[in-house]
Amino acid sequence: MHYVGKELNEECAVFGIWGHEKAAKLAYYGLHSMQHRGQEGAGIAATDGKVIYDHKGLGLVNDVFDNEKLDALDKGFAAIGHVRYSTQGGNIYANVQPLVFRSQKDSLSIAHNGNLVNAHKLKGELEERGSIFQTTSDTEVIAHLIKRDYADNFLESVKHALSIIKGAYALTMLTEHQMIAALDPHGLRPLSLGKLGDAWVVASETCAFDLIGAKYVRDVKPGEVIVIDNEGLHSDFFTTRTEPAICSMEYIYFSRPDSNIQGVNVHAARKNLGRMLAQEAPVEADVITGVPDSSISAAIGYAEATGISYELGMIKNRYVGRTFIQPSQELREQGVKMKLSAVRAIVEGKRVVMVDDSIVRGTTSRRIVGMLREAGALEVHVRISSPPITHPCFYGIDTSTSSELIASTHSVEEIREMIGADSLVYLSTEGMQKAIGRDPAMKNCGQCMACFTGKYPTEIYPDTVLPHEKESLV
Ligand code: SF4
């Protein structure tokens, strides 16, 4: 989720609906509710059973679609959609999804959230066998694998392709005859199934269901392929070797507070993270404040647990440009200043606890601590509702390389000094697991914590390409 001055960005969201006469319009609303997961591109592919129609473009959902464009798509009964985040400018239109592959037999459109760790290797193999790629997106690799083995049994071909790819993938696919939803064997990214009347809906986050009035049915399971067609819904698995490892950062930072991920509400999880942080790292203070927007729930939890009042010590100016399109460090710092302000009336003469969900490079934290001091705070104690991020993410989150992650090269005390705080404490890994509250009977509570621990749930190949490196391959 891209919040104020944050240096950590989600890659995408997917949506799909089958069996509704307003499928494309509902996809538009569903994507709109998940705009926080990607603001660089959006697209919808829809079908009437004969043809796949699609429209996509760079920018926000509202920029890409207007009534006319939606009306052109809204002549079928099924649609899939995608919003996308990318880290660099340049020619990224080709990578905007859903990708549509047309052939004489039938068409296939794919929308993908996540990142494959063996895409580079598979692409090389496919190229040697004659495949030609138009994008730098992993998704095209998936399509080639499906199409290559597409004999008479489409589902078997999909299952075969999914058993070859490795990494994170929450997928929606659409042909003229079927919609498919699939999740990787670790379920690294969220994907939920819902119903709107007789229509089936899938979405990266349940907030999309709420917006269109759909009812949550269940989460798609790791290793599951769900096929929806005119016969109804059919569930299958492409592997039995599953090991749940949902991304912890979905709870900590990325997802919308009103979404539920695998039975856990995101706002409630964040409040628990704040409460746990207060238990692990209490401090004498006058006010608690949270960095808008993603840290507010944790700050409220911290305040509740300590009895110190939560105040709006910082506010966000919502009407400025997005900092992440400005590449230099200098501009990034300026961007933070434009987007956040400390509230002097709240913090002046006070000992302030500033709760944030994470520190990536440290630039944002340093600016925020500075702003609070400039506004008259006597002391600034920084509390982070997650453990230090020491390792890059290979599963679709735009974390930097290790050398750019401040916690991979500096101790907590060194970071405290660099950001200018009076004290700095991160939440422990155990505290994080406990606070999120997933089933403790599962190994690692079924959570990926690799960016905190370096223990990746999948194999990482020597030529694995980080999400943000892909764009530069264009
Ligand atoms: S490495 Fe971190 S950000 Fe990436 S999937 Fe795992 S927990 Fe999420």
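Order of listing sets the numbers, starting from 1, for every ligand and every atom in it.
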Which residue holds the protein heavy atom closest to atom 7 (S) of ligand 1, what is that atom called, and what is the gap in Å? Cys448 O, 3.1 Å
With respect to atom 2 (Fe) of ligand 1, please indicate if Cys451 possesses an N, O or S atom at a distance under 2.8 Å. yes
Go through ligand 1 atom by atom and flag the ones less than 4.0 Å from a non-hydrogen atom of Ala450. 1 (S)
When you compare the side chain of Val425 with that of Ile384, does any pair of heavy atoms fall below 4.5 Å? no
Suppose we measure from atom 4 (Fe) of ligand 1 to each protein heavy atom; which comes out shortest, and what is that distance? Cys393 SG, 2.3 Å
Going by the order shown, which atoms of ligand 1 are within less than 4.0 Å of some heavy atom of Ser248? 7 (S)
Side chain to side chain donor-acceptor pair (under 3.5 Å), paired with Thr139, selected from His144, Gln97, His82: Gln97
Ignoring hydrogens and angles, state whether a donor on the side chain of Tyr253 or Asp356 is under 3.5 Å from an acceptor on the partner side chain. no
Hey, which atoms in ligand 1 end up nearer than 4.0 Å to a heavy atom of Ile397? 3 (S)
For a quick test of reading the model, state the closest non-hydrogen atom pair linking Tyr426 to Pro387 and the distance between them. CD2-C, 3.7 Å
Whether Cys247 has an N, O or S atom under 2.8 Å from atom 6 (Fe) of ligand 1: no
Any side-chain donor near an acceptor of the partner, Thr206 and Asn260, under 3.5 Å: no
Looking only at side-chain N and O atoms, does Ser386 offer a donor or acceptor that is under 3.5 Å from a partner on Asp357? no
